[in-house]
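Residue numbers start from 1 in every chain, and the chains themselves are labelled A, B, ... in the order their sequence lines are given, proteins ahead of strands. Being a predicted model, the structure only gives us computed values, none of them experimental.
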Amino acid sequence: MSERLQVLVLDDEPIVGKRLQPALAKVGCDVEVFEAPAEALKRIAEKDFHIVVTDIRMEDIDGIEVLERVLGKRPETKVIMITGYATVEVAREALAKGAFDFIAKPFKPQELRDVIAKAALALGFKGIAEAGVAAEK
Amino acid sequence: MDSASPEQSGSGATDLRLQKALLERPGISIRTRLILGFLSLFFLSAVVTAAAWVMLSRLEVRLRFLEVADRYTMEIQQARRFEKNYFLYGTGLSDLMEHVENSRKLLDDAQAEAGKVLTASDLKLMQEHLKLYQGLVERLEKAHADPLAMDKEKAGIESDLRSNGSLMVDFALQLAQKERSKVNSTLALFKKWTLVFLVALLGLMVLIANFLARQMLGPLGRLTATAQRIATGDFTPIKPARWYRDEFSDLAVAMNTMMRELQHRHDVLVQSHKLRAVGTLTAGVAHELNNPINNITLTAEMLKEDYPELSDGERLEMVNDLVAQAERAQKIVRNLLDFARESEIKTEKLDLAELLRSTAGLVANQIKLQGAKIELDIPSTLPPIHGDRQSLSQVFLNLLLNALDAVKKGGHVTIKAWPDREKGFIHVAVSDDGCGIPPHVLPNIFDPFFSTKPRGKGTGLGLSVSLGIVRQHGGDIAVESAPEKGSTFTVTLPAALVPEIK
């Protein structure tokens, strides 16, 4: 597959997007970063993303709602949840609703890359995992 | 609690000083005052009795003298009757002499007591009259034995005897009359004074009863006022108001001890409630802390990873982000620690707007977690207030956490502050559009240990402790609520309008 992995990152902390953008671009993803859930959802409606990374706790619209909206539009999208509280219930709810995986704050860029690589593999993209490993070196 | 601050031990010393001041006054017990009151009544009665005694004994003397005067008059009148008989029939001379002698004895006997009611000159005059009369009678007796001399002297003696005799009778009658009228006037006076005494006694009794009642009702009223004051949470110790000490002082000392204990319990209660609030906040704070830590982790990792490729400007931006996020984390932790720390009550000039903003900051994350919205409507021109920063922060935190408990997802919590310049107060309203408070529990919400939250969720102390704190600041909390429409708690605090003079 020559198609590049399309990733959307949604977190109301601006620094998260600012740092993840180059971190993921480096491993061959096309990354779009959003701070406001409403704008992110608007963009999701316009464009198909392979992977959506979203914070669970946000003002206005929370991550679970984003998850439902994304899967409702394109069920094969892999949604990775970022959570501040890695509580069992939140994780269970997210997974039950079809999230691919979750990652607890604070996390390192590589930890997210590993999860994305796993998701990419599940989607049939191969380059990401290798690139991730390469970037680590 | 073992870290007794100097302030606390200072207030303890003040308490002890007050205790000493209360106890060191001269003691005049209620019993003593009762005894003194009744003693003064007894004293008045004793004086009146003594006066009556003296008057009665004088009256007794007068009556006795009156009797003597009557008998004397009778003897003299008898003597004059025999005198008349003698001059008419020439008989009864010995009887005449006997009656004259009797009269003389009566006067001599009365001399000892007569001095009290009769002037010495009057008595002397009477004795002289009698002596003259007796002399005449003796001359008559001598002449009786010698008819020659009798004829010569009879006419002269007879006229002398008659004039002297009538003089004596008049004098004695006058004397008796005078005495009788004196006795009568004394009796009338006695009657009048008895009434005067009765009125005076009544007056004195009313006075004493009034005095004792005032003495007892005054402190009683003061203690009642104190009890009401305690009920509103004012634990200022009772200060000595009078120069002496009595049973009420002991009660005041006991009440001061009670207040000290209550204050201590209240402090423990406030602290334990604060720790509950800290527990509630901790979860939110932990989440809140994760954000700056995550930002630091991501930034530091990327800085490490991309260091060689980054431009100086990019590196500087990342380092600045690191510094800013570290400060953010520090601030979150410090806020919580500031709130949780036990510290003495410290009254200072406070910027209420700033206090409200930082308190709202403490719950900002809680609000975010719950998907609620908070709006602040706080003019920055609010006048300052005097108060304890931590306690007041706790009050608003309680109200905010309660509001958050009441609102559903997407609900609104508003903090609105406005000055009431005319009265020198500031109002702060914490409103929510949540579930509201049912009217039947509304009167109880400020009661200690009253809670509508599920068992184990609330201490039931939040509002009670908050009201206590606000009242200590000279303010009040009012509540308005409509079920399903929301509640508004309005805290009113006195503004520090007069600038502090240092």
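- Just one residue in the list A:K108, A:Q110, A:K26 forms a side-chain hydrogen bond (donor to acceptor under 3.5 Å, both in side chains) with B:E305, and that residue is A:K26.
- No more than 12 heavy atoms of other residues, nucleotides or ligands lie within 6.0 Å of CD in B:E480, so this atom counts as exposed by the packing criterion.
- Among B:D321, B:D306, B:T297, the one residue that satisfies the side-chain hydrogen bond (donor to acceptor under 3.5 Å, both in side chains) test with A:R19 is B:D321.
- Side-chain contact between A:L20 and B:L298 is present, with heavy atoms from C-beta onward closer than 4.5 Å.
- Proximity to chain B is absent for every atom of A:L112, based on heavy atoms less than 4.5 angstrom apart.
- Contact of the A:K105 side chain with the B:I293 side chain is not registered, since no non-hydrogen atoms from C-beta on lie closer than 4.5 Å.
- For B:K304, the NZ atom is loosely surrounded, since the number of other residues' heavy atoms within 6.0 Å does not exceed 12.
- Annotation for B:R328: atom CZ counts as buried by contact number, over 12 foreign heavy atoms lying within 6.0 Å.
- Other residues, nucleotides and ligands contribute more than 12 heavy atoms inside 6.0 Å of the NZ atom of A:K73.
- Chain B forms the most heavy-atom pairs under 4.5 Å with one residue out of A:D11, A:V16, A:I56, A:I15, and that residue is A:I15.
- B:N294 contributes atom CG, which lies 4.5 Å from atom CZ of A:F107 (distance to the nearest 0.5 angstrom).
- Listed here is the closest heavy atom pair of B:M302 and A:P109: SD-CG, 3.5 Å.
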